[in-house]
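Everything on this sheet refers to the single structure shown next.
Letters A, B, ... are given to chains in the order of the sequence lines, protein chains preceding strands, and every chain is numbered from 1.
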There are 2 protein chains.
Amino acid sequence: MANYCKFEKALEIFTGKWKPVILLRLFANGTMRFGELQKAIPDITQKMLTQQLRELVHNDIVHREVYPEVPPKVEYSITEYGKGMANVLQVLNDWGESHMAHMDDLYGEGRKEEGAPAQRPS
Amino acid sequence: MANYCKFEKALEIFTGKWKPVILLRLFANGTMRFGELQKAIPDITQKMLTQQLRELVHNDIVHREVYPEVPPKVEYSITEYGKGMANVLQVLNDWGESHMAHMDDLYGEGRKEEGAPAQRPS
DNA sequence: CTGAATCCATATGGATACTG
DNA sequence: CAGTATCCATATGGATTCAG
């Protein structure tokens, strides 16, 4: 098996249009209901939210707790194992931040993208 | 502006079907000609190789050196700036490796696809 | 409330042919 | 040799509807 498939496996976890947001929300808020996630991420569709959550659950990053009530209630949270990827997220986040600054340096902030006001590192 | 866009920007760099392989090759070999890369990555098409390289060049990760000769000769290498992402690659690679082991633990090496929600109905 | 199932638009990647 | 251009298959994501 090729070496780079490790990268690809790793990348599959946060890749996709919504996984980063979902992970960020869950890391920040601890435990959230399905509806809360949906409210917190207004642009996501129910299909995508379900689908991405399922993949995260399958990868043991997210825990899914179903309460057999009426009306139904489902809570999602980061698993203990999932918490171990916090540093990966951090590294990615930090590098992404500095890389955006680098791109601004190279191409200027003006015409690069709309809605991206100066993002100063903290 | 949402925080997660930093992730997304970072992920765009290594995401796509071929960027990880290309980066790995260039990091390993230093400088490579177009044809060498193509030989080193047999399954890639020239369109994809060109396209992905262009994106990496645009992101200042890869340097493109054109020799005005006949026949043409173009060499690619990691830029100084690009070398700064080596640790990110390393972190990703390490986590990916351990994550694969974790998945094997959970699902067994032989029957990985069993409960996989993946993105495909039965 | 949560989420499965469809249908559809677009994005991404691949095959092939052509060029300086 | 390195790269474009074109056409095509499939993958991904979105809108909508239905159901426990």
Could you write out DNA chain C as dot-bracket? Rules: Watson-Crick or G-U wobble, both distances under 3.5 Å, brackets [ ] for crossings, | for pairs with another strand, dot for unpaired. ||||||||||||||||||||
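D:dG3 atom P lies 10 Å from atom CG of B:Leu37, rounded to whole Å. Rounded to whole angstrom, the span from the CE atom of B:Met48 across to the C1' atom of D:dA11 amounts to 13 Å. For the pair B:Lys39 NZ and D:dA2 C1', the computed distance is 15 Å after rounding to whole Å. In this structure, the CD atom of B:Gln52 is 14 Å from the P atom of D:dG3, given to the nearest Å. Nucleotide D:dA15 holds its C1' atom 13 Å from the CD atom of A:Gln38, rounded to whole Å. When the P atom of D:dT6 is taken as reference, atom CD of B:Gln51 falls 15 Å away, rounded to whole Å.
When each of A:Ile44 and B:Thr50 is assigned the nucleotide of DNA chain D with its nearest heavy atom, B:Thr50 is the one assigned upstream, toward the 5' end.
Of the residues in residues 22-29 of chain B, not one places a heavy atom less than 4.0 Å from an atom of DNA chain D. Residues from residues 13-20 of chain A that place a heavy atom under 4.0 Å from any atom of DNA chain D, listed by number: A:Gly16, A:Lys17, A:Trp18.
Listed pair B:Tyr76 / D:dG3 meets the phosphate criterion, a side-chain N or O lying under 4.0 Å from OP1 or OP2. Within the structure, a side-chain polar atom (N or O) of A:Arg54 is placed less than 4.0 Å from OP1 or OP2 of C:dA4. Side-chain N/O atoms of B:Arg33 include one lying less than 4.0 angstrom from OP1 or OP2 on D:dA2.
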Contact state string [nucleotides 15-20 of chain C, B base, S sugar-phosphate only, - no protein heavy atom under 4.0 Å]: BBB--B
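Remark: the backbone N or O of B:Ala40 is paired with a side-chain donor or acceptor of B:Arg25 at under 3.5 angstrom.
Residue A:Tyr67 is classed as having no contact, given no heavy-atom separation below 4.0 Å to the nucleic acid.
Residues B:Gln46 and B:Thr50 have side chains that never bring a donor and an acceptor to within less than 3.5 angstrom of each other. Using modelled atom types, one finds a donor on one side chain and an acceptor on the other under 3.5 Å when comparing B:His63 with B:Glu65. Side-chain contact, A:Asp94 with A:Gln90: a donor N or O sits under 3.5 Å from an acceptor N or O.
The aromatic rings of A:Tyr76 and A:Phe34 sit tilted relative to each other, their planes meeting at an angle between 30° and 60°.
In this view, B:Ser77 satisfies the side-chain hydrogen bond (donor to acceptor under 3.5 Å, both in side chains) rule with no residue, not counting sequence neighbours.
Once rounded to the nearest 0.5 Å, the distance linking NZ of B:Lys6 with CG of B:Leu11 reads 13.0 Å.
In this structure, A:Lys19 is not positioned above the aromatic face of A:Phe14 in the sense of NZ or CZ being under 6.0 Å from the six-membered ring centre and within 45° of the axis.
Using a 4.5 Å cut-off on side-chain heavy atoms (C-beta onward), B:Leu37 and B:Leu53 make contact. By the 4.5 Å heavy-atom criterion applied to side chains, A:Leu92 and B:Leu92 are counted as neighbours.
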Would you please test A:His58 and B:Tyr107 for side chain to side chain contact (heavy atoms under 4.5 Å, CB included) and show each step? CA-CA 10 Å; A:His58 176 258; B:Tyr107 301 104; 3.2 Å; yes
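Residue pairs that meet the side chain to side chain donor-acceptor pair (under 3.5 Å) test with at least one member in residues 33-43 of chain A, sequence neighbours left out, do not exist here.
Shown here is A:Lys9, whose NZ atom has no more than 12 heavy atoms of other residues, nucleotides or ligands within 6.0 Å.
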